[in-house]
**Q** 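Below is a structure I'd like to ask you about.
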Amino acid sequence: MPFNGAGGFVSEQVADDREGFDPHAIQEKWLPVWDELAPFRSGDVNDQRPKKYVLDMFPYPSGDLHMGHAEAYALGDVLARYWVQRGFNVMHPIGWDAFGLPAENAAIKRGENPRSWTYENIAQQKASMRRYACSFDWDRVLNTCDPEYYRWNQWLFLQMFNRGLAYRKDSAVNWCPSCQTVLANEQVVAGCCERCDGAVTKRKLNQWYLRITEYAQRLLDDMGQLEEGWPEKVLLMQRNWIGRSQGAKVNFAIEGRDEPVTVFTTRPDTLFGATFMIVAVDSPLAVELAMQGGSVDAHANYLEQVRAATDIERQATDREKTGVFLNVHAINPVNGERIPVWASDYVLADYGTGAIMAVPAHDQRDLDFALKFNLPVKVVVASDEDPATTGVATADDGEHINSGPLDGLDTDAAIARIIEVLRERGTGDASVNFRLRDWLISRQRYWGTPIPIIHCEKCGEVAVPESELPVTLPELSGDALRPKGVSPLAAAHEWVNTTCPTCGGAAKRDADTMDTFFDSSWYFLRYLDPANETAAFDVQQAKQWLPVDQYVGGVTHAILHLLYSRFFTKVLFDMGLVDFTEPFARLLNQGMVLKDGSAMSKSRGNLVRLSEELDAHGVDAIRLTMVFAGPPEDDIDWADVSPTGSRKFLARAWRLAGDVTSAPGTDPRDGDVALRKVTHKIVHESAQAVESYRFNVLVARVMELVNATRKAIDTGVGPADPAVREAVEAVAVMLSLVAPYTAEEMWERLGNAATVMRAGWLDVDSALLVADAVTCIVQINGKIRDRFDVAPDISEAELQSVAFAREAVREALGDVQPSKIIVRAPKLVNIVAS
RNA sequence: GCCCCCAUAGCCCAGCGGUAGAGGCAAGCGACUUAAACUCGCUCAAGCGUGGGUUCGAAUCCCCCUGGGGGCACCA
């Protein structure tokens, strides 16, 4: 007995050869032709066709393309190719997100500069994309690691710097010990580094930030524009991330201190129930108050304890509350009550004011703390149970008690009233807070965009003059790149030591590089004009092409990249460089490619190699498999799909083209009407399927048409009928979205000139969409009793009388009187009889 | 703990108020073949996770529960 897999493989090859469908041969045949024709070069400014900007998220060049790329680019391709067929001037560009850590790590290992590894991988990916028949416009390629690109990163940074949107501050930042760099808030997932999964620690550093929080409200408001075009899930994630909370700021006087302490609360109505105050243990305020209260040692000890705990430990939800009394008291501004001030780590230093009023009766965290440290619990919203005994804080709406002027009010009224009271007394006001933090962009690594700032002892932070951009990376390689906790650039003495552009004195360049998310926050604009030497992008072209009509990429970027791009767009709008406020009108998130229920990985041993799949089944079969596997948003389990089946179908479609005997240009109007109706209906439905992202349905429709045409040729009107040619040409055009090699080969077999990609979508004849007859069903009390064919345009009255004349209906009805008759012409008559 | 999404033949999935099925995989049968593969044709199957509600009518809308997936997670 031959080995199963091998046996199957060999016989399949033999069969293909005999049948003549050889995917690999047609790949070799058409690639050079397409290179020549460049069917996807986007039109210029004067192109009369309406524009469509289809954008795939650009890849990071970490080795060759994998199955995930294959899916994403197959899906983006369906959309781009569809709009070309529909007569649009489509721009479908690609580039490389080419800065980043893996290149640097590879360079250290290989004793080289990261450039070589990066460009090798780009070349490999580019070759694979070409083979994979991606419909990219190869004249617009960009690499973010090219000085011609990152020079404009620096320019943009300086614009933000000049507008006060880029600033430097000291703070405790997320530090990944394994990547040896700081991380943005968004790059820390459950206390771990998003990239390497190592535990993240805190470090006090002076770093560059972008003031994204200034745009928090607009980032929220403008989501209204995206409700139609973006997945609800992504909008929800962004809303949660921005985390707007409405509440009030309340000033509490501190005994023995001139300055009051302000707290932020979403429940100012519970102010009368505040029984203590908490300040974040790691805030400067805590240190100050400890000094005032003489509790410096206690505070310092506690702080040390807290610092020793990792973020992961800190985030355990069932963790016991800890804290220390600072020996200071605050005065509740509305009732004059004297309450103790504690420090704890459950209050965050960088959210709100870093201090809270604790209302244990109505906030679970505060209650846990109160019970642990025997602090009083005061109920101010009436409830059946007493939180102090149940241990469960009540957060429901209800009648306020023990609250002076708020007594008897419900929550909404009480909030409104207390804000009035606070305003009158000048001790507080309504306030809004966001969870979103400013974006930390400094990275202590080499392979990124140098921050174009010079530090001068006399002049401070000085912008590098625009005329001196780009600030290029010095040549470093191998061990010089090894992480030392400070940027490798700091050790490049010749590079880092410079003169101050303002005073001409000795000065140092900023040695950090930018987060690579900076690079990808505006790359979609650079595609317009990637070789532009005088501007980041052409403002006129931006008016013409932007916003992106269709963006395709993984949901992994739901927050980071998409939020940053939205932010950049608003900044550019404010600068008057673009005339839109949202960069991506429609967004499609493709799922992942899995194997046996889990993500593929070398360590798991369930890796499916794209190149091997392409070798075994051909490019078209793999593309088809990706598209046909299910809805694009769903994950594809490679165990559930059949590339062999895809290939069989392609061969079947291809054979159709060889059977057609009519000449090119034959008038389809002389063809068989029944087949023409099928063709036009399917073409019509296929267009709808593509436009609503139901690509799997598109494929199913094409299969349907292939089946119908096969039948027409073999046992129907025969291969010479003009309707058969029309059907097969329609198959080729529709298939060109998914399986371009096969489609092109079919097109040629049909006697047409290349290329099928620009053949144009079949004009659907609406007269052919009307069915000859529709089957009508008759229900009696919900049960189907009869069915018969009627004209599709039958009137309701007519249909009703036809139904009642039917033998089966009269029989079923007997002599029962109908109490209600519902007629939905032409498909249904429902008779209710009781 | 909070929020969101999903559940249709053995499997992947269409259908999203009106006859449960578009398509594929798998399975079975037949034709072709010396035989097999390939190809072609035919067949097979679920009553739509559970329970309730709305409706003349529910896979489709609403609520509960179960099971799976995802997001957030001391954000005051």
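Naming: A, B, ... by sequence-line order, numbering from 1 per chain.
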**Q** May I ask you to decide whether Asp350(A) forms a salt bridge with Arg437(A), counting only side-chain N to carboxylate O separations under 4.0 Å?
**A**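 Salt bridge: yes.
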
**Q** Could you write out each protein N or O paired with an N or O of nucleotides 40-42 of chain B at a distance under 3.5 Å?
**A**
residue: C40(B); atom: OP1; partner: Arg652(A); partner atom: NH1; Å: 2.7
residue: C40(B); atom: OP1; partner: Arg655(A); partner atom: NH1; Å: 3.3

**Q** For residues 231-240 of chain A, which residue pairs pass the side-chain hydrogen bond (donor to acceptor under 3.5 Å, both in side chains) check, not counting sequence neighbours?
**A** Glu227(A)-Arg239(A), Gln238(A)-Arg566(A)

**Q** Ignoring hydrogens and angles, does a donor from either the side chain of Lys648(A) or the base of C38(B) sit under 3.5 Å from an acceptor on the other?
**A**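 No pair found.
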
**Q** Please list, chain by chain and in numerical order, all residues satisfying side-chain hydrogen bond (donor to acceptor under 3.5 Å, both in side chains) with Gln688(A), sequence neighbours excluded.
**A** none

**Q** Both distances under 3.5 Å, Watson-Crick or G-U wobble: report the partner of G49(B), or none.
**A** C65(B)

**Q** Could you check which of U19(B), A76(B), C13(B) has an atom nearest any side-chain atom of Asp634(A)?
**A**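 Given the options U19(B), A76(B), C13(B), the side chain of Asp634(A) is closest to C13(B).
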
**Q** Work out how far the C1' atom of G49(B) is from that of A9(B), and round it to whole angstrom.
**A** 15 Å

**Q** Please determine if a side-chain N or O atom of Ser642(A) lies less than 4.0 Å away from the OP1 or OP2 oxygen of C12(B).
**A** no

**Q** How does each nucleotide of nucleotides 1-7 of chain B score, in 5' to 3' order, for protein heavy atoms under 4.0 Å: base (B), sugar-phosphate only (S), or none (-)?
**A** ---S---

**Q** Could you please name the option among A76(B), C72(B), G18(B) that lies closest to any side-chain atom of Leu348(A)?
**A** A76(B)

**Q** Identify which nucleotide among A76(B), G23(B), U19(B) has an atom closest to any side-chain atom of Thr266(A), counting heavy atoms from C-beta outward.
**A**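 In terms of side-chain proximity for Thr266(A), the closest of A76(B), G23(B), U19(B) is A76(B).
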
**Q** Please give the nucleotide sitting opposite C2(B) as a Watson-Crick or G-U wobble pair, both distances under 3.5 Å, or none.
**A**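 Its partner is G71(B).
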
**Q** Could you please name the option among C12(B), C56(B), A76(B) that lies closest to any side-chain atom of Thr265(A)?
**A** A76(B)

**Q** Report the base-pairing partner of A37(B) (Watson-Crick or G-U wobble, both distances below 3.5 angstrom), or none.
**A**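 Pair assignment: A37(B) / none.
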
**Q** Charged N to carboxylate O below 4.0 Å: is that the case for Asp714(A) and Arg710(A)?
**A**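 Salt bridge flag = yes for Arg710(A) with Asp714(A).
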
**Q** How would you list all residue pairs meeting salt bridge (charged side-chain N to carboxylate O under 4.0 Å, His left out) that involve residues 620-636 of chain A, not counting sequence neighbours?
**A**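 Pairs touching residues 620-636 of chain A that pass the test: Asp77(A)-Arg623(A).
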
**Q** At under 4.0 Å between heavy atoms, what does Glu704(A) touch on the DNA or RNA strands: base, sugar-phosphate, or nothing?
**A** sugar-phosphate

**Q** By nearest atom, which of the nucleotides C13(B), A22(B), C74(B) is closest to the Lys321(A) side chain?
**A** C74(B)

**Q** Please tell me which of the listed nucleotides, C72(B), C56(B), A14(B), lies nearest to the side chain of Val697(A)?
**A**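 In terms of side-chain proximity for Val697(A), the closest of C72(B), C56(B), A14(B) is A14(B).
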
**Q** If you only use heavy atoms from C-beta on, which nucleotide in G71(B), A76(B), G24(B) is closest to the side chain of Met703(A)?
**A** G24(B)

**Q** Name the closest nucleotide to the Arg694(A) side chain, picking from G15(B), G23(B), C56(B).
**A**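 Minimum distance to the Arg694(A) side chain belongs to G15(B).
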
**Q** Taking salt bridge (charged side-chain N to carboxylate O under 4.0 Å, His left out) as the definition, give me every residue that meets it alongside Asp366(A), ordered by chain and number, with sequence neighbours left out.
**A** none

**Q** Lys378(A): which residues meet the salt bridge (charged side-chain N to carboxylate O under 4.0 Å, His left out) condition with it, sequence neighbours left out?
**A**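 Lys378(A) satisfies salt bridge (charged side-chain N to carboxylate O under 4.0 Å, His left out) with Glu337(A) only.
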
**Q** NZ of Lys711(A): more than 12 outside heavy atoms within 6.0 angstrom?
**A**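 Atom NZ in Lys711(A) is not packed in, count stays at 12 or less.
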
**Q** Arg824(A) has a side chain; which of C56(B), A76(B), U19(B) sits nearest to it?
**A** C56(B)

**Q** Output yes when at least one side-chain N/O atom of Tyr346(A) is less than 4.0 Å from OP1 or OP2 of A76(B), else no.
**A**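 The answer is no; no side-chain N or O of Tyr346(A) sits under 4.0 Å from OP1 or OP2.
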
**Q** Using both distances under 3.5 Å as the test, list the Watson-Crick or G-U wobble partner of G10(B), or none.
**A**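 Base-paired to C25(B).
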
**Q** Could you please name the option among U19(B), C13(B), G18(B) that lies closest to any side-chain atom of Ile822(A)?
**A**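 Of the candidates, G18(B) comes closest.
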
**Q** Donor-acceptor pairs are to be reported for all side-chain atoms of residues 554-563 of chain A against protein atoms at under 3.5 Å, with residues two or more places apart or in another chain.
**A**
residue: His561(A); atom: ND1; partner: Ser520(A); partner atom: O; Å: 3.4
residue: His561(A); atom: ND1; partner: Ser565(A); partner atom: OG; Å: 3.4
residue: His561(A); atom: NE2; partner: Tyr551(A); partner atom: OH; Å: 2.7

**Q** Mind listing the side-chain donor-acceptor pairs of residues 242-252 of chain A below 3.5 Å, one per line with the distance, residues two or more places apart or on another chain?
**A**
residue: Arg244(A); atom: NE; partner: Gln217(A); partner atom: OE1; Å: 2.8
residue: Arg244(A); atom: NH1; partner: Gln246(A); partner atom: OE1; Å: 3.0
residue: Ser245(A); atom: OG; partner: Tyr351(A); partner atom: OH; Å: 3.2
residue: Asn251(A); atom: OD1; partner: Thr262(A); partner atom: OG1; Å: 2.7

**Q** Report yes if a side-chain nitrogen or oxygen of Asn696(A) is closer than 4.0 Å to either non-bridging phosphate oxygen (OP1 or OP2) of G24(B); otherwise report no.
**A** no

